[in-house]
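What follows is a set of notes on a single structure, which appears directly below.
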Amino acid sequence: MSWLPLSFGAPMVLCGLLALPVIWWLLRLTPPKPQTEVFPPLKILARVLKREETPQQSPWWLTLLRLLMAALVVAALAEPVFNPREKLPTEGAALALVIDNDWASAADWSKRVATAERLIADAGSNGVPVIIAFTAEKANAEIGPFDAAAALDRLRAARPRPIPTDRPAVYARVAGALQSMPGASVAVLADGLAAKGDEAAFNTLLAKNAARVIWASADRLSLTGLTGADNQVDGFALTAIRAPGDPAPAQVTAGAFDDKGRRIADATLTFAPGEATATGTMTVPFELRNDFASIALDGERQAGAVRVLDESSKRRRVGLLSQAEADQAQPLLSPLYYIRRALQPFADLVEPSSADLADAIPQILDQKPAMIIMADIGTIPAQVRQRLVDWVDNGGTLVRFAGSRLAAAGNDDDLLPVRLRTGERSLGGALSWTTPQPVTEFPKAGPFADLAPPTEVTVSRQVLAEPTPDIVERTWAALADGTPLVTGLKKGKGTLVLFHVTPEATWSNLPISGSFVEMLRRIVQLSRNQGAAIANAEAAATSLAPYRMISADGSLVPPTPDARPLVPGAGALPVTFDNPPGLYGSETGVFAHNLLDAASTFQPLARPQITVPVTTIQYAFDESRNLKGALVAAALVLMLLDTLAVLWMGGLFSRRPRRAGAVATTAAILILAGAMFGQADPARADDAKPSDDVAIAAISKTRIAYVLTGVPGDDSISRAGLEGLTRFLIEKTALEPGAPAGVDISKDELSFYPLIYWPIDPAAPMPSQAAIARIDAYMQQGGTVLFDTRDQFANGIGADSTSPATERLRDILGNLNVPPLEPVPADHVLTKSFFILPEFPGRFSGSPLWVEASLDASNADNRPVRTGDGVSPIMITANDFAGAWAVDENGDPLLPTVPNDPMQRVYALRAGVNIMMYMLTGNYKSDQVHVPILLERLGQ
């Protein structure tokens with residue numbers, strides 16, 4: 001920025017101020033003001049003979065007004081700029097602009113865009129092409145070179161992504177583009193955060209073809225991230241990180257939110273001076289902790305400050321029962337010792353105060369456990385048995401371990417997953433092994449499928465299951481000879497599990513192995529409502545559809561079009577463009593995929609050591625202001641005042657004004673103003689009606705239109721969706737529509753299109769009153785507008801509040817003459833105009849399709865299919881029709897349906913066909929549906 005508060009783009013024009021004295025001399029002269037005299041004529045002749053005719057001088061204030069007007073015009077032509085900025089070195093063969101648009105840039109993204117706009121503007125003024133690349137986009141994204149206007153369009157269309165940067169791949173592409181442009185300027189707009197492979201990436205970009213470098217950076221790395229949220233015994237333990245070496249202490253507040261977005265807990269984390277890690281604990285009851293759906297740091301609007309939680313982060317209460325007396329001197333022989341050690345890190349354990357099962361079981365059930373573990377318990381007392389059975393049927397998980405008592409007890413079909421043989425199998429008995437048996441691979445259909453088989457575990461004694469046709473389906477783990485080691489069965493809403501060995505290391509060394517901990521943890525997950533879905537998904541290695549995504553600013557949003565299904569696997573999964581952070585799965589179970597893990601750190605990005613000249617700038621908004629427009633406006637105001645003064649001096653405002661002269665002067669002013677403003681607003685030429693050739697071309701084929709919202713992503717999806725529907729119409733019907741048309745509702749002719757699809761996006765500008773009036777006229781004249789809010793799942797996790805898209809639709813409809821609406825009735829023509837459809841799904845399902853209500857909509861038995869000859873002028877849905885119809889050039893779907901069901905897309909296309917048939921046939925289809933009734937009435 002210059003040290004002067006004012007600069008001029010064309011300072012030589014200021015020499016025109018030297019002409020002000022000449023202008024002053026010319027402006028002093030003005031014709032004499034007409035005199036009004038009263039007869040007699042002799043008095044007039046006397047005055048004429050006495051006075052000499054001399055030029056009349058203009059008043060000093062009028063001369064000053066005109067001099068000031070001339071000075072303003074000269075100053076405006078000199079292009080003055082207040083608070084000017086210094087031009088950046090963007091000359092050379094090209095300007096390569098590489099921008100980090102990852103999650104770390106989300107907090108001050110607008111500043112980064114403003115900085116990049118200045119660089120592109122300077123390159124455009126120098127006539128230099130621009131290569132623009134973003135480090136968090138697809139690897140095959142177009143990078144140019146572009147002219148300045150196209151580069152600005154791509155910059156403004158870019159958004160921060162909730163994923164890390166990929167500098168090596170992007171910098172290599174930019175370096176390849178610069179090979180044919182030696183001597184280019186390279187501008188690096190980094191996020192300030194170091195990443196793996198940075199040194200090699202910068203060497204690739206700057207080592208050969210860069211003649212100068214512009215390095216943009218923030219004042220300091222002020223990010224704070226959340227790397228851990230562990231549900232421990234006494235509370236939720238949180239871990240936050242920041243950049244190392246900060247000498248100032250700091251405190252951050254974390255909030256926990258439930259699935260409806262309500263804040264239900266807080267915790268404070270304190271960074272000591274110079275420390276990069278802070279910890280804190282949310283000390284709340286575990287029942288409340290199990291309602292946590294996400295945890296976020298206050299004041300941090302970026303994806304690294306948010307963690308979503310799944311069932312693995314929720315603790316469950318587990319009851320422990322054993323008939324053996326505790327031996328404090330020999331704890332390793334206690335039946336519950338290894339079970340306690342295995343479950344204590346991730347479950348709340350409760351035990352009864354009484355050893356009598358008749359009292360112990362009710363004590364455990366009164367504490368509402370998710371799972372009960374029985375260590376070698378034989379017969380259940382009759383007075384509590386039914387209550388235990390009902391608990392299992394209502395969703396409880398009962399895990400039983402074998403032993404001498406269970407082996408001697410009879411079979412219990414309600415509390416055991418399989419029928420057992422009497423007695424147990426041991427080494428040296430009638431049913432014995434010559435050597436202890438190892439554990440074989442876990443069945444693929446069981447919850448332990450992704451666990452490695454414990455090769456070190458052997459079994460020397462077990463209880464045997466009766467061989468039945470379904471024994472294989474109920475086997476979760478087996479020995480090498482095929483006999484079951486662990487069996488399980490779904491009973492009602494609950495689960496029965498039996499370990500065919502004891503819980504202590506007497507019949508097997510399984511309890512002292514690491515596999516024992518993992519097996520119990522998986523069973524605890526099965527005891528939760530969503531744990532079964534995730535466990536089975538992981539076991540089968542299937543993909544999980546995107547459910548809720550974390551945006552770059554840290555908010556939870558519906559699945560984005562770029563998100564792809566996630567395949568769970570062992571270890572931490574990387575966050576990529578196809579798998580951004582968020583929740584994957586469905587309503588029955590979700591998997592949390594977070595941006596940061598426990599090993600994440602924030603290291604500041606160091607500027608590379610290079611030999612070419614480097615210019616360092618800060619991210620900032622452009623504070624310079626061009627004064628040319630303001631000076632021209634001030635000159636026009638003075639011109640108007642001068643005109644009024646001349647008219648006043650000419651007697652226009654006297655008692656008997658000269659009307660003809662006033663009218664002529666006013667007309668001249670209006671013509672002059674119209675000419676000026678017409679030149680300043682070339683867009684008015686677009687309001688002209690279309691020519692005959694354009695109108696004939698528009699109506700030669702039936703075309704579906706969509707509203708251009710100004711949001712590039714929405715408009716591209718709308719066009720791809722209508723192209724997909726057009727293909728389906730050509731394939732399935734006799735109709736052959738033309739290519740979809742994007743319309744600007746503020747100026748394009750709308751009467752050419754029978755149906756206009758309008759996706760509602762709260763980020764798009766609100767239409768003007770004139771545009772809404774044109775839509776209202778279109779609907780009144782027989783056209784139909786299909787409004788799509790696409791917000792069936794946009795209220796957060798289980799949110800009940802109205803979405804921003806619905807609020808925007810209400811604002812639009814508030815200015816329209818909207819008839820009464822109703823969901824499409826079961827006997828409406830829309831349900832049978834081509835296909836028989838009971839509902840109208842899109843990319844989402846569940847939202848009704850609203851149409852104009854029939855005259856007698858309250859009486860379902862006496863309601864006509866249509867109330868008039870036309871069709872409904874308005875349709876409203878939230879199911880995202882265009883998202884389900886959208887296809888690429890090969891005809892493949894662009895976006896997944898939610899849920900991911902191929903038939904849902906087929907039904908969505910059929911719904912589009914029915915809507916088009918309904919639009920083009922009107923009451924013809926209605927009469928066809930009622931042909932029998934019409935014939936009967938004609939016969940009468």
Side-chain angles (χ1 to χ4, degrees), residues 226-240 251-270 278-300 305-320 340 343-351 363-373 391 394-397 493-494 521 523-534 547-548 550 554-556 582-583 585 587-594 598 795-801:
L226 196 59
T227 59
D230 188 13
N231 196 352
Q232 297 182 348
V233 177
D234 56 347
F236 238 107
L238 307 178
T239 304
Q251 280 190 343
V252 292
T253 303
F257 302 86
D258 63 7
D259 57 1
K260 298 184 183 299
R262 297 173 297 194
R263 192 183 187 107
I264 55 179
D266 295 292
T268 300
L269 294 80
T270 302
T279 58
T281 303
M282 287 182 177
T283 307
V284 293
F286 87 96
E287 292 89 352
L288 189 61
R289 280 180 270 146
N290 286 343
D291 291 334
F292 290 1
S294 63
I295 299 177
L297 299 178
D298 294 341
E300 292 287 334
V306 178
R307 292 191 72 82
V308 290
L309 307 175
D310 55 17
E311 285 296 322
S312 63
S313 300
K314 299 180 180 179
R315 299 176 69 88
R316 283 294 184 265
R317 181 170 289 165
V318 178
L320 303 181
R340 292 192 192 98
L343 294 179
Q344 194 167 17
F346 53 89
D348 288 280
L349 307 180
V350 293
E351 299 186 43
Q363 290 178 10
I364 292 294
L365 293 177
D366 289 342
Q367 299 187 60
K368 301 185 183 305
M371 186 169 80
I372 295 177
I373 297 179
W391 173 81
N394 291 329
T397 299
K493 297 180 180 179
R521 184 169 185 174
I523 297 174
V524 171
Q525 290 179 344
L526 287 174
S527 70
R528 305 173 186 183
N529 294 332
Q530 300 174 3
I534 296 303
Y547 183 65
R548 291 290 185 274
I550 302 176
S555 58
L556 286 177
L583 296 172
E587 294 181 354
T588 61
V590 292
F591 177 81
H593 186 43
N594 289 296
N795 295 326
I797 302 178
D800 296 328
S801 59

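Small disclaimer: the values here were computed from a predicted structure and weren't measured.
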### Query
Please walk me through it: do Phe236 and Leu288 pass side chain to side chain contact (heavy atoms under 4.5 Å, CB included)?
CA-CA 11 Å; Phe236 238 107; Leu288 189 61; over 6 Å; no

### Task
Can you measure from CD (Gln251) to OG1 (Thr270) and round to the nearest 0.5 angstrom?
4.0 Å

### Query
Of all heavy-atom pairs between Ala267 and Met282, which one has the smallest distance, and what is that distance?
CB-CG, 3.4 Å

### Point-to-point distance, once rounded to the nearest 0.5 Å, from CG of Asn594 to OG1 of Thr227
10.5 Å

### Query
Taking all non-hydrogen atoms of both residues, which atom of Gly582 and which atom of Val308 are closest, and how far apart?
O-CG2, 3.8 Å

### Message
Does Ile295 form a side chain to side chain contact (heavy atoms under 4.5 Å, CB included) with Val306? I'd like the steps, not just the answer.
### Response
CA-CA 6 Å; Ile295 299 177; Val306 178; over 6 Å; no

### Ion pair check, Arg263 and Asp298, cut-off under 4.0 Å
yes

#### Entry: Aromatic ring proximity, centroids under 6.0 angstrom, Phe292 and Phe257
no

### Message
Ignoring hydrogens, what is the shortest heavy-atom contact between Val318 and Ala347? Give both atom names and the distance.
### Response
CG2-CB, 3.8 Å

### Task
Search all heavy atoms of Pro369 against all heavy atoms of Gly319 and return the closest pair with its distance.
CB-N, 4.1 Å

### Summary
d(Thr253 OG1, Leu269 CG) to nearest 0.5 Å is 8.5 Å

### Message
As an exercise, state the distance from CG of Leu343 to CZ of Arg316, rounded to the nearest 0.5 Å.
### Response
14.0 Å

### Message
As a quick check of understanding, evaluate side chain to side chain contact (heavy atoms under 4.5 Å, CB included) for Arg340 and Leu320, giving each step before the final call.
### Response
CA-CA 9 Å; Arg340 292 192 192 98; Leu320 303 181; 3.7 Å; yes

### Reference residue Val350; test side chain to side chain contact (heavy atoms under 4.5 Å, CB included); the match among Arg317, Lys368, Gln363
Arg317

### Task
Report the distance from atom CD of Gln344 to atom CG of Leu349, rounding to the nearest 0.5 Å.
6.0 Å

### Reported OH-to-CG distance for the pair Tyr547 and Asp310, which is rounded to 0.5 angstrom
13.0 Å

### Task
Of all the heavy-atom pairs spanning Leu297 and Ala240, show the shortest one and how long it is.
CD1-CB, 4.5 Å

### Message
To check you understand the geometry: which heavy-atom pair defines the closest contact between Val284 and Arg289, and what is its length?
### Response
O-NE, 2.8 Å

### Query
Checking side chain to side chain contact (heavy atoms under 4.5 Å, CB included) for the pair Met371/Ile523: CA distance, chi angles, key distance, verdict?
CA-CA 9 Å; Met371 186 169 80; Ile523 297 174; 3.7 Å; yes

